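Sequence lines set the chain letters: A, B, ... in the order given, protein chains first and strands last, and positions in each chain run from 1. Quantities reported herein were computed from a predicted structural model and do not represent experimental measurements. In what follows, every heavy atom counts, from backbone to side chain, and hydrogens, waters and symmetry copies are set aside.
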Number of protein chains: 2
Amino acid sequence: MKDVAAEAGVSIAAASKVLHGRGSNIRVSPEKAESIQTAARDLNYVPNALAQSMRLGRTGAVGLVFENFGRISGGPLFYIHLFDGVVGELFPKGYRLTVFPEVDPLSPLGIVSDGSVDGVVWCKMPETPEFTEAAKQSPVPIIALNSRPPESPDHVTYVSCDNLGGSSLMVEHLTSLGHERILFAMEKREERTPDALSRLAGFQAACHRMRVPFEPDRDVVVWSQDAAELPFWLKERPPHTAIFAWNEGFGASVLRQLLACGVRVPDEMSVAGFDSTQFCDALTPTLTAVRQPILEMASYATRLLMEQIAFGRDSRSPDVIFPCTVDVRQSTGPAPLKRRSASAGS
Amino acid sequence: MKDVAAEAGVSIAAASKVLHGRGSNIRVSPEKAESIQTAARDLNYVPNALAQSMRLGRTGAVGLVFENFGRISGGPLFYIHLFDGVVGELFPKGYRLTVFPEVDPLSPLGIVSDGSVDGVVWCKMPETPEFTEAAKQSPVPIIALNSRPPESPDHVTYVSCDNLGGSSLMVEHLTSLGHERILFAMEKREERTPDALSRLAGFQAACHRMRVPFEPDRDVVVWSQDAAELPFWLKERPPHTAIFAWNEGFGASVLRQLLACGVRVPDEMSVAGFDSTQFCDALTPTLTAVRQPILEMASYATRLLMEQIAFGRDSRSPDVIFPCTVDVRQSTGPAPLKRRSASAGS
DNA sequence: GTGAAAGCGCTAACAC
DNA sequence: GTGTTAGCGCTTTCAC
């Protein structure tokens with residue numbers, strides 16, 4: 001910019017005014033303005049975004065944080081829809097997206113308050129004290145893409161899907177097929193996440209309502225990511241005729257293990273998952289799953305964030321919960337007759 | 001930082017040295033250092049990344065540019081593998097990733113020289129004069145993920161797959177199945193991209209080599225994204241028994257249109273695509289496709305970029321071309337024996 | 001209308 | 001060892 005000013009024979013200030021000044025204060029003679037413009041073009045002047053951000057206190061970038069940042073491809077498409085939703089809102093408004101490497105769980109504040117972004121969409125924000133504290137101290141707004149943890153203070157807006165309702169719908173689907181004992185399968189890594197827990201809670205509540213037996217010891221399992229424990233579980237001849245996996249990727253593991261054990265799905269065992277995406281269609285058999293409208297959720301969260309960036313965090317909006325639906329595919333079917341009690345017809 | 005220094009009763013410079021100074025120059029008494037550390041912790045001090053970047057002349061962020069930024073989900077998984085490859089290299093080294101909104105085709109320099117990234121991975125960099133010029137002027141290294149345009153100067157390192165070889169392999173696969181006339185189907189939007197053109201070139205060369213007839217007017221079509229023109233093409237009872245689509249997403253469109261027209265794949269018509277991903281497995285029938293190792297390519301490109309960032313652009317490496325392979329799936333099969341007389345259709 | 005000057009938060013050379 | 005200082009590139013107030 002110094003060069004541009006020199007080239008045009010004016011002060012740096014004048015150049016700045018002409019090149020970036022907002023309407024009212026331009027106050028520069030037309031000729032000078034003209035020559036500044038040409039000089040800038042000739043010199044291929046590009047304003048330094050860093051300096052500009054520093055001075056202006058806004059960066060034009062939004063951060064996206066999702067832990068769990070292994071390979072996205074090959075796994076569930078959840079993150080891809082998330083990404084699409086965020087980007088789809090951000091880019092038309094000229095924002096950039098910055099994706100962060102894994103956050104230090106002990107000082108998560110760093111990413112959010114180092115001044116490099118105007119706000120953050122945080123997917124599955126952990127609910128440890130460190131994160132709660134970080135959220136409070138954060139100088140920029142945060143939208144979390146998960147359910148609000150119980151009693152968490154009001155520093156963050158939560159956008160989530162109705163995990164409880166989604167689980168209920170699936171239990172209703174399964175009972176309507178005649179299943180009378182359903183296993184809820186969780187994944188060790190994610191056992192304590194808000195999403196996993198609320199899906200389990202929804203499952204439990206629905207079991208009670210639908211008069212399906214529920215004993216935590218027998219009807220909930222926590223397996224490793226590839227469900228390697230499933231064969232051993234099968235050996236005990238459990239009474240269950242359906243397995244409800246906490247998410248789609250894990251549902252795929254369950255499917256794979258069952259097939260490896262020679263169990264026919266859905267004839268002998270029905271399998272269902274959570275997070276219905278293109279991925280569920282790619283499995284054999286295709287996987288029945290609860291659909292959470294993640295793309296819409298991500299879009300909405302991003303819009304909310306941009307709003308809070310524009311109007312200040314005081315404009316904080318109430319949490320939003322999106323309803324879930326069930327996509328029925330091949331992996332669920334009528335409960336096998338032999339296992340059904342006399343009361344069931346058909 | 002001012003606050004930290006004040007709290008610890010030392011100068012700002014001392015604080016800076018202790019908190020970020022590199023080994024040799026620390027020269028601060030242990031007690032002061034100690035009190036600075038505690039003060040920083042107490043105040044939840046987080047260094048301002050912007051100021052730091054500005055001063056140091058490096059940002060710790062790498063840019064990723066891919067035009068064509070519609071919805072990724074639902075389309076080919078090419079971009080997801082790309083993303084994974086880039087992120088997989090970047091994050092372990094502590095780099096951030098900044099994804100840019102669409103680049104102004106008339107002044108593409110902006111994104112690359114506004115100081116906000118240390119380097120750029122540019123997927124399918126257009127080869128207009130503007131972009132060539134921008135690449136030359138760019139203050140940061142650029143790695144392009146596509147073939148080198150003919151005679152382009154040496155400002156950019158190109159990482160690409162062997163589009164020509166990939167096309168050849170597919171033609172060989174099809175001829176080995178007895179196909180004697182193959183249609184190459186391109187997509188209007190992408191008709192002029194280097195990738196599309198080199199795939200076509202490879203197709204043409206292979207046709208000659210394999211003695212498959214090739215007339216540009218009859219054996220190459222340019223259709224809209226959803227291949228809506230296919231039914232009309234079918235009506236003319238073309239002699240082709242196989243269609244080779246320029247990419248996977250377009251291959252899916254072709255498949256869909258054929259199904260809608262009641263043409264059985266692969267019994268009556270074989271279909272093949274380019275870019276073999278999980279997506280090809282999700283189709284019915286699954287799509288035979290050329291596999292370009294995009295994840296590896298992206299990883300490699302990213303490593304190259306980080307190297308050039310670290311050692312200067314002079315360390316520029318030669319272009320790299322990755323070989324392709326063919327993933328045979330359900331959509332290709334033996335050529336129908338009596339195609340001409342027994343053609344089904346309407 | 002115009003430009004000198006302060007300062008965003010940080011680092012490094014240099015003088016004490 | 002320690003603090004003072006200049007300056008990264010930009011914007012904006014304010015005196016001229």
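Here K32(B) lies in heavy-atom contact (under 4.0 Å) with sugar-phosphate atoms only. Among the heavy atoms of the strands lying under 4.0 Å from S29(A) are primed sugar atoms or P, OP1, OP2 only; no base atom is included.
Between the side chains of D195(A) and T193(A), no donor-acceptor pair of N or O atoms lies under 3.5 Å. In summary, the side chains of S160(B) and N146(B) do not present any donor paired with an acceptor at a separation below 3.5 Å, with no hydrogens or angles considered.
When rounded to the nearest whole Å, the span between CD of Q52(A) and C1' of dC10(D) equals 7 Å. The distance from atom CD1 of I36(B) to atom C1' of dG1(D) is 12 Å, rounded to the nearest whole Å. Computed from coordinates, the N48(A) CG to dC8(C) C1' distance equals 13 Å when rounded to whole Å. Note: NZ (K2(B)) to P (dT4(D)) measures 14 Å, nearest angstrom. Straight-line distance from the CG atom of L56(B) to the P atom of dG7(D): 18 Å, rounded to whole Å. The interatomic distance linking M1(A) (CE) with dT12(D) (C1') rounds to 11 Å, in whole Å. Distance I12(A) CD1 to dG7(D) C1': 12 Å, rounded to the nearest Å. Separating the CG atom of L50(A) from the P atom of dC8(C) is a distance of 17 Å, rounded to the nearest angstrom.
If you check dA5(C), dG3(D), dT2(C) against the side chain of K17(A), the one that comes closest is dT2(C). Distance from the side chain of V28(B) is smallest to dT2(D) among dT2(C), dT12(D), dT2(D).
At dC10(D), one or more side-chain N or O atoms of Y45(A) fall inside 4.0 Å of OP1 or OP2 (strictly under the cut-off).
Applying side chain to side chain contact (heavy atoms under 4.5 Å, CB included) to I143(B) and the options L304(B), V156(B), D319(B), V320(B) leaves one that passes, L304(B).
The aromatic rings of Y45(B) and H20(B) are tilted relative to each other, their planes meeting at an angle between 30° and 60°.
For D42(A), there are no side chain to side chain donor-acceptor pair (under 3.5 Å) partners at least two apart in sequence or on another chain. Residues satisfying the side chain to side chain donor-acceptor pair (under 3.5 Å) criterion with T38(A), sequence neighbours excluded, are absent altogether.
In the region residues 3-11 of chain B, proximity to DNA chain C at under 4.0 angstrom, judged on heavy atoms, holds for none of the residues.
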inquiry  = Could you walk me through whether D118(B) and R96(B) satisfy the salt bridge (charged side-chain N to carboxylate O under 4.0 Å, His left out) test, starting with their C-alpha distance in whole Å, then the side-chain angles of each, then the deciding distance to 0.1 Å, before giving a yes or no?
reply    = CA-CA 10 Å; D118(B) 294 337; R96(B) 302 171 171 190; over 6 Å; no
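In this structure, A51(B) and A13(B) both approach DNA chain D, and ranking their closest nucleotides by distance from the 5' end singles out A13(B).
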